[in-house]
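One structure below.
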Amino acid sequence: MTSPSQLTRVALPLPRIGGAPTPPADMPAAHADGSRALIDRYGRVARDLRVSLTDRCNLRCTYCMPAEGLDWMPTEHTLSDEETIRLIRLGVERLGIRQVRFTGGEPLLRKSLEKIIAATKQLRTDEGVAPTIALTTNGLGLPRRIEALKEAGLDRVNISLDTIDRELYAQLTRRDRIKDVFKAIAAASEAGLHPVKVNAVVMPGVNEDGIVPLARFCLEHGAQLRFIEQMPLGPREKWRRDQLVTADQILDYLREDLELTPAREPRGSAPAELWEVTSHDGTLHGTIGIIASVTHPFCGDCDRTRLTTDGAVRNCLFGNSETSLRDLMRAGATDEELMTAWAGEMWAKLPGHGVNDEGFLQPDRPMSAIGG
Ligand code: SAM
Ligand code: SF4
């Protein structure tokens with residue numbers, strides 16, 4: 001006989017709060033099975049999904065968050081593993097995503113990272129292959145997990161390091177952990193995750209003098225360094241357009257010690273402009289990238305879509321528009337309804353991020369809550 005609790009579960013589907021959003025009238029229709037490409041009005045196609053797995057962090061980089069941290073999201077607001085995997089599955093299997101990058105906050109703080117990566121690696125893209133899986137991390141604790149992460153399917157890693165000076169690193173991140181980052185770079189390299197990429201944000205009067213030493217360090221360790229222009233996403237007093245260290249200035253610093261020639265490989269939708277470099281003394285060779293998000297925006301080639309820790313899809317790091325797939329999911333939305341909502345958010349993507357416009361407004365969410 002059916003028990004009363006079973007009857008309730010079967011007879012009463014979850015209430016639909018608000019219902020699925022109506023797709024924009026000019027958005028192309030989906031295929032018969034609900035699958036579609038994540039395209040926008042300007043013809044860009046999103047293939048690269050960035051998933052923020054937590055807004056929390058074990059560092060406090062001054063350009064990213066205040067010393068006391070932020071108001072972390074309550075756990076019940078964040079996506080469960082199953083919810084996260086469901087959305088990644090829809091992205092990869094039915095919306096044309098081919099690369100998934102896990103970020104945060106600090107993604108290594110998510111205990112189930114290996115499980116989520118393994119589930120993602122099982123999926124097949126529209127080209128019939130597993131998606132490429134990448135991780136952006138501060139590196140703390142990476143060595144003891146690197147083998148399991150690789151086993152689960154991790155293909156590539158970006159490790160953040162803004163200076164090789166221990167004292168300055170401790171000031172910048174408010175934690176004396178530089179040795180752990182060095183170990184992380186070595187471990188990723190030993191695990192064969194080539195090329196290991198190192199991300200460095202350049203800040204005026206803070207680490208400009210360290211540009212060449214950091215470049216030499218990365219070349220010596222076979223890592224591909226990528227300098228990032230500081231973006232207006234952290235504490236508001238930390239960014240001034242007129243004080244930005246620009247990509248051109250970073251190149252000038254590098255030329256003091258290195259011969260630079262533009263890399264031959266086409267850039268495509270990758271944000272970094274790549275340079276082949278050789279030290280003037282001829283001992284060091286390698287590749288260095290510059291990400292000029294502010295002075296040379298690459299919005300016209302952008303192929304990204306973002307999923308925040310609390311289940312909102314965003315079409316731009318800098319935008320103020322987002323759609324909560326979590327709320328739809330928790331109200332019982334079907335896969336087709338979720339895909340339509342995701343596609344609608346992407347369809348509305350603006351042609352550019354507007355950071356250089358007079359009236360630019362920083363997004364309400366900090367970088368760590370969007371996923372960098
Ligand atoms: N915690 C991880 C890490 O630090 O790599 C992942 C998240 S973090 C937000 C991702 C990247 O964004 C890091 O390389 C970090 O240096 C960069 N970042 C953070 N705030 C930034 C800003 N205001 N401008 C440019 N890059 C920034
Ligand atoms: Fe944490 Fe990354 Fe932000 Fe630094 S940049 S505080 S490591 S989330």
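Computed over heavy atoms, backbone and side chain alike; hydrogens, waters and symmetry mates excluded. Indexing begins at 1, ligand by ligand and atom by atom, following the structure's order.
- The distance from ligand 1 to the heavy atoms of Glu106 drops below 4.0 Å at these ligand atoms: 1 (N), 2 (C).
- Looking at ligand 1, you won't find any N or O of Pro232 less than 3.5 Å from one of its N or O atoms.
- Within the structure, ligand 1 has Gly104 among the residues with a heavy atom less than 4.0 angstrom away.
- Close contacts between ligand 1 and Asn138 involve ligand atoms 2 (C), 3 (C), 5 (O) [criterion: under 4.0 Å to a heavy atom].
- Near Met367, meaning under 4.0 Å from one of its heavy atoms, ligand 1 places the atoms 9 (C), 12 (O), 17 (C), 18 (N), 19 (C), 20 (N), 21 (C), 26 (N), 27 (C).
- The cationic group of Arg264 does not satisfy the cation-pi geometry with Trp275, failing either the under 6.0 Å distance to the six-membered ring centre or the 45° limit from the ring axis.
- The proximity of Thr137 to ligand 1, defined as any non-hydrogen pair under 4.0 Å, is limited to the backbone.
- The distance criterion of under 3.5 Å between nitrogen or oxygen atoms is met by Ser160 with respect to ligand 1.
- Near Tyr63, with a cut-off below 4.0 Å to any heavy atom, the atoms of ligand 1 are 16 (O), 18 (N), 19 (C), 20 (N), 21 (C), 23 (N).
- The closest side-chain heavy-atom distance from His194 to Ser189 is below 4.5 Å.
- By the 6.0 Å contact criterion, CD on Glu151 is open, its count of non-hydrogen atoms from other residues, nucleotides or ligands being 12 or less.
- Residue Gly105 approaches ligand 1 through these ligand atoms, each under 4.0 Å from one of its heavy atoms: 1 (N), 2 (C), 6 (C), 7 (C).
- For the residue pair Thr246 / Asp248, no side-chain donor-acceptor distance below 3.5 Å is found, with atom types taken as modelled.
- Remark: the Arg314 side chain and the Thr308 side chain contain no N/O donor-acceptor pair separated by less than 3.5 Å.
- Listed by atom number, the atoms of ligand 1 under 4.0 Å from Glu229 heavy atoms are 25 (C).
- Residue pairs meeting the salt bridge (charged side-chain N to carboxylate O under 4.0 Å, His left out) criterion with at least one member in residues 274-284, sequence neighbours excluded, are Arg216-Asp281.
- For the residue pair Arg156 / Gln99, a side-chain donor-acceptor distance below 3.5 Å is found, with atom types taken as modelled.
- Around CG of Asp71, the count of heavy atoms belonging to other residues, nucleotides or ligands within 6.0 Å does not exceed 12.
- Asn315 and Asp40 form no side-chain donor-acceptor contact under 3.5 Å, judged by distance and modelled atom types alone.
- Applying the 6.0 Å contact sphere to CD of Glu167 captures no more than 12 heavy atoms from other residues, nucleotides or ligands.
- Counting heavy atoms under 4.0 Å from ligand 1, residue Thr136 touches it through both backbone and side chain.
- Atoms of ligand 1 lying under 4.0 Å from at least one heavy atom of Val201, given by number and element, are 16 (O), 25 (C), 26 (N), 27 (C).
- Counting only heavy atoms from C-beta outward, the side chains of Thr54 and Pro107 never approach each other to under 4.5 Å.
- Each protein N/O/S atom under 2.8 Å from atom 1 (Fe) of ligand 2 was counted, for a total of 1.
- A donor atom on one side chain and an acceptor atom on the other are found under 3.5 Å apart for Glu208 and Tyr253.
- Counting the atoms of ligand 1 from 1 in the order shown, those under 4.0 Å from a heavy atom of Thr103 are 6 (C), 7 (C).
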